[in-house]
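Throughout, numbering of the chain's residues begins at 1 and tracks the sequence. When a ligand or atom number is given, it counts from 1 through the structure's own listing order. The structure presented is a predicted model; accordingly, all values stated were derived computationally and were not measured.
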Amino acid sequence: MSKVGEKTTAMPAPEIMPGGGIDPDLVKQDFPVLRQSINGHPLIYLDNAATTQKPVAVIKRLQTYYESDNANVHRGLHTLAERATDAFEATRDKIRSFINAGKREEIIYTRGATEAINLVAYTYGRQNVGPGDRIVITRMEHHANLIPWLELARQNKAELVYIPINSEGYLDLSEIDTIINNRTKIVALTHMSNVLGTINDVEEITALAHKKKAVCLIDGAQAVPHMPVDVQSLGADFYVFSAHKMLGPTGLGVLYGREELLQAMPPFNFGGEMISEVRFDKVTWNVLPWKFEAGTPAIAEAVAFAPALDYLENLGMENIRRHEIELTAYALSRLSELKHLTIYGPQNPEHRGGAIAFSDDKIHPHDMATFLDTQGIAVRAGHHCAQPLTRLLGVNSTTRASFYIYNNTNDIDTLHEALLAARRYFGHG
Ligand code: 7TS
């Protein structure tokens, strides 16, 4: 039974092989959901960019939390309330250290990356972006980092300008000095694309934004789960991500913001928790981080996010990144043997993550994903919430395989065989 402040996992990491490599077969044993067959085949889960599976430690912590600690946070004086509050706040400290933020006050819990971006657009955006001002994003954004800015630009009569992409799937920075101009108030971009896999040179963009006195928001939903991230060395003013894409529960996300910016921003939602004092005619706001956390938060989810962070830390984010570079290199080479496939995004695995979108020249992505499911392989097909980008690639949808710590090269070989079997099944063999 878990108690206040108790370390929820103290896992040695036998999954780390001599030399720092990850042993995905050992990792897999910690994920109950992966021990099943789908349509008569062992499940191969390649939809990690959408959400990752959860290790036993996370599932157990959700259970022990509800069995022994459940209470609302910050309000009660009883023992359970103290335990719940301590565990909830302890995760905040872990998150701070995981992304190397300077202070715990800079870590705001949200419902996900999407809500974190909306928070910034509604508060910082509405306050600081006026008619004729400019917001800069890129052509490779997920809708979560596009629509809030499109709406802000429309409502506040600002300009929304896009950094283009070149044919290899990298940002084209040739005109960046004119794109990020003196009217630019916000630059928002993804750290890693969920379609192209491209890892952007965020440090360079934050520096350019700061030269023009703009703030920079980084969408780290696809980056924090897969590589070491240090928000201070990146120069991020805001950095967002979701727990569910990094072994944690759904319904929980993080907004990192520089304290000075968060202090000056108005609250996002209003209600309980986010106040210091309320009178019938006036209110004063709570201090950071709670000013931005109105209402009962995702308590169990935050508590159970701690063992997810421990799990990743025990494996080591450098090791995770190396494992994914190896898998991505292998996948790019195996998939490029199939001449009927178009593979999107950078060809150099050092410059990208393990989310690989592709199209077959004859089979519709939805048919492909449905066929792969008959073989026990879970992938995603569609526009991946990046419709403008997908259209820019000249298609309406793609099939996407995305990897994580429990995937191995056998999974990729099985995918390769299934992609060939699909050709035969649909009569293109
Ligand atoms: N930003 C990026 C780059 C993403 O990939 C996603 C989710 C989000 C933001 C939004 O995260 P949420 O947790 O708030 O929903 N991406 C995907 C995907 O690629 N397939 O399903 C969800």
Side-chain angles (χ1 to χ4, degrees), residues 45-54 95 99 108-122 137-151 162-163 165 169 171 187-200 202 205 216-227 229 234 236 238-256 268 297-298 301-302 305 308 324 344-346 352-358 365-366 369 378-390 393 397-404:
Y45 186 77
L46 300 179
D47 194 17
N48 292 287
T51 198
T52 61
Q53 300 300 347
K54 319 303 170 199
I95 296 168
I99 58 169
I108 313 291
Y109 286 128
T110 65
R111 285 194 301 126
T114 302
E115 191 181 60
I117 298 169
N118 276 277
L119 189 162
V120 176
Y122 269 83
I137 65 173
T138 82
R139 292 204 190 278
M140 64 168 83
E141 298 310 315
H142 184 280
H143 294 164
N145 199 31
L146 192 161
I147 304 170
W149 307 118
L150 202 57
E151 271 305 290
Y162 293 86
I163 302 173
I165 307 174
L171 290 180
V187 178
L189 79 156
T190 188
H191 199 164
M192 186 192 290
S193 163
N194 67 319
V195 175
L196 302 169
T198 318
I199 298 174
N200 290 317
V202 161
I205 308 279
C216 201
L217 177 143
I218 310 300
D219 174 358
Q222 297 293 346
V224 181
H226 302 282
M227 58 198 263
V229 166
L234 292 174
F238 300 105
Y239 195 103
V240 309
F241 56 101
S242 293
H244 71 94
K245 290 188 199 288
M246 48 195 298
L247 311 182
T250 52
L252 181 76
V254 174
L255 166 66
Y256 157 79
F268 176 41
E301 290 77 3
F305 188 34
E324 289 185 22
Y344 303 100
R352 62 173 298 158
I356 304 184
F358 57 88
H366 290 111
V379 297
R380 190 171 171 190
H383 50 64
H384 315 296
C385 297
Q387 261 182 15
L389 169 63
T390 306
L393 298 175
S397 58
T398 61
T399 310
R400 183 187 66 190
S402 51
F403 313 121
Y404 209 29

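Nearest heavy-atom pair across Ala381 and His366 is O-NE2, 3.8 Å.
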I'd like the atom pairs linking ligand 1 to the protein - N or O on both sides, separation under 3.5 Å - with distances to 0.1 Å.
unit_1	atom_1	unit_2	atom_2	d
ligand 1	1 (N)	Asp219	OD1	3.2
ligand 1	1 (N)	Asp219	OD2	2.5
ligand 1	5 (O)	Gln222	NE2	2.7
ligand 1	13 (O)	Ser242	OG	2.7
ligand 1	13 (O)	His244	NE2	2.7
ligand 1	14 (O)	Ala113	N	3.3
ligand 1	14 (O)	Thr114	N	2.9
ligand 1	14 (O)	Thr114	OG1	2.6
ligand 1	16 (N)	His142	NE2	3.3
ligand 1	16 (N)	Lys245	NZ	2.9
ligand 1	19 (O)	Asn194	ND2	2.8
ligand 1	19 (O)	Arg400	NH1	2.7
ligand 1	19 (O)	Arg400	NH2	3.3
ligand 1	20 (N)	Arg380	NH1	2.3
ligand 1	20 (N)	Arg400	NH2	3.1
ligand 1	21 (O)	Arg380	NH1	2.6

**OP:** Please report the C-alpha distance between Thr138 and Glu141 in whole Å, then the side-chain angles of each, then the deciding distance to 0.1 Å, and finally whether the side chain to side chain donor-acceptor pair (under 3.5 Å) criterion is met.
**Re:** CA-CA 6 Å; Thr138 82; Glu141 298 310 315; 2.5 Å; yes
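The environment of Tyr162 atom OH is dense: over 12 non-hydrogen atoms of other residues, nucleotides or ligands sit within 6.0 angstrom.
Residues Ile356 and Phe403 meet the side-chain proximity criterion, which asks for heavy atoms closer than 4.5 Å.
For the salt bridge (charged side-chain N to carboxylate O under 4.0 Å, His left out) with Asp47, the qualifying choice from Lys245, Arg380, Arg400 is Arg400, the only one to do so.
Judged purely by distance below 3.5 Å, without hydrogens or angles, the side chains of His384 and Thr398 pair a donor atom with an acceptor atom.
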